[in-house]
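Structure first, then comments.
Atoms within each ligand, like the ligands themselves, are counted from 1 in listed order.
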Amino acid sequence: MSSWVRAHTNIALIKYWGKENEELIIPMNHSLSLTLDAFYTDTKVLFDDSLNQDELVLDGVLQGHESLKKVQVVLNRVREMAGISSHARVESINHVPTAAGLASSASGLAALAGAASHAAGLSLSEKDLSRLARIGSGSASRSIYGGFAEWIKGYDDKTSFAVPVDDADWDIGMLFIVVNDAKKDVSSREGMRRTVETSPFYDGWLQTVDGDLTNMKEAISKRDVYTVGEIAERSALKMHATTLGAIPPFTYWSAESMKAMDAVRQLRKKGYAVHFTMDAGPNVKLICKASELAELKRLLSEHFDTSRLIEARPGPGLHVLTR
Ligand code: FM0
């Protein structure tokens with residue numbers, strides 16, 4: 001009972017930023033994302049009585065204790081559900097285009113939830129897979145589904161999970177501007193904790209999420225890429241504004257990120273329906289029409305090396321690979 005399972009990463013258009021419960025990963029706010037075709041993780045799990053500890057092999061390299069921690073949260077839950085006690089060997093391959101810095105916990109922990117439950121002989125509903133992925137990493141709860149997904153924050157382990165919103169089978173895409181930057185990262189886990197605890201702007205963030213989410217779902221139902229992007233950009237800017245009020249203050253923006261944001265604004269002036277979003281790092285992600293990806297890439301290649309421009313289209317949900 002061991003198969004490769006694939007999950008694609010997702011990018012939030014309404015960000016998850018802050019936890020109400022750190023152990024169970026219950027978020028402070030609802031979020032909404034688009035799953036993408038370009039980045040994904042394949043994972044296989046084998047529960048094996050002959051192992052005397054859990055093992056994680058990522059891209060062919062045996063990982064240490066630190067990377068194993070998140071993985072064991074999911075493995076332990078699966079063992080508990082299936083009533084098994086054997087250790088597991090987890091093999092995982094990240095498919096991320098050569099430009100570095102895009103490895104995401106969303107696809108990794110979603111693929112793990114799928115592979116571990118499959119290997120343990122459990123056949124979980126999508127809702128329960130989403131809950132299982134969530135305890136590994138919050139954003140992974142949304143990667144169970146293709147297209148647009150909403151993570152309903154809920155109030156406990158049973159009520160916090162993602163649901164599908166729209167299959168995104170229409171003219172929408174994302175273009176990544178990969179920004180290289182030597183600055184030391186503040187992980188999203190640490191960044192959101194610090195912001196919730198210390199930033200006076202955090203309450204402002206919480207106040208507008210529900211309104212943005214309602215408007216976002218309406219724009220999605222109308223397949224209005226301009227408004228989807230507009231709301232996503234505003235949401236991202238509000239999230240990033242909270243970090244400047246934290247103690248100590250921090251930002252995920254670099255000079256290159258600002259150059260990329262400016263390039264997007266210039267394209268918008270030229271009439272393209274294009275906006276940006278950013279996550280817990282300096283990369284900038286454009287939200288645009290899929291049919292204009294090639295043209296936007298060509299225009300941006302005047303300012304950025306083409307190796308740093310990656311096209312993405314809506315991607316599928318979690319699935320078992322047959323090969
Ligand atoms: O994806 O602490 O899921 O909604 O990417 O593992 O639950 O890595 F911009 C930030 C993702 C946060 C927004 O956080 O955190 C989003 C973010 P964990 P994640």
Option with minimal heavy-atom separation from atom 1 (O) of ligand 1, where the choices are Arg142, Arg189, Met192 | Arg142

Modelled atom types, side-chain donor and acceptor of Thr306 and Lys297, under 3.5 Å = no

For ligand 1, which atoms sit closer than 4.0 Å to a heavy atom of Gly138?
-> 3 (O), 6 (O), 7 (O), 18 (P)

Any idea which atoms of ligand 1 are less than 4.0 Å away from a heavy-atom of Met239?
-> 9 (F)

Kindly state whether the ring of Trp151 and the ring of Phe161 have centres lying under 6.0 angstrom apart.
-> no

Determine yes or no for a side-chain-to-main-chain donor-acceptor pair under 3.5 angstrom, with Ser143 supplying the side chain and Ala7 the backbone.
-> no

Step by step, work out the side-chain hydrogen bond (donor to acceptor under 3.5 Å, both in side chains) result for Ser291 and Asp171.
-> CA-CA 6 Å; Ser291 58; Asp171 194 9; 2.7 Å; yes

For this output row, return yes or no: ring centroids of Tyr16 and His30 closer than 6.0 angstrom.
-> no

For Ser188, the ligand 1 atoms with a heavy-atom partner under 4.0 Å come out as 8 (O), 14 (O), 15 (O), 19 (P)

Does a side chain donor of either Asp37 or His8 reach within less than 3.5 Å of an acceptor in the other side chain?
-> no

Per-atom contacts, ligand 1 versus Asp279 - under 4.0 Å to a heavy atom | 5 (O), 9 (F), 10 (C), 13 (C), 17 (C)

May I ask you to establish whether Lys259 and Phe304 are in a cation-pi arrangement, using a distance under 6.0 Å from NZ or CZ to the six-membered ring centre and at most 45° from the ring axis?
-> yes

Using a strict cut-off of 4.0 Å, indicate which atoms of ligand 1 neighbour a heavy atom of Ala12.
-> 1 (O), 4 (O), 16 (C)

For Lys19, take its heavy atoms, then give the atoms of ligand 1 lying under 4.0 Å from any of them.
-> 2 (O), 7 (O), 18 (P)

With atom 6 (O) of ligand 1 as the reference point, say which of Ser139, Ser137, Gly191 has the nearest heavy atom.
-> Ser137

Which of the atoms in ligand 1, numbered in the order shown and given with their element, are less than 4.0 Å from a heavy-atom of Ser105?
-> 8 (O)

Side chains of Tyr155 and Glu20: do they bring a donor and an acceptor to under 3.5 Å?
-> no

Which bit of Ile25 is near ligand 1, meaning a heavy atom under 4.0 Å away: side chain, backbone, both or neither?
-> side chain

Could you check which of Tyr16, Tyr252, Trp17 puts a non-hydrogen atom nearest to atom 11 (C) of ligand 1?
-> Tyr16

Using non-hydrogen atoms of the residue, decide whether Ser31 is closer than 4.0 angstrom to ligand 1.
-> no

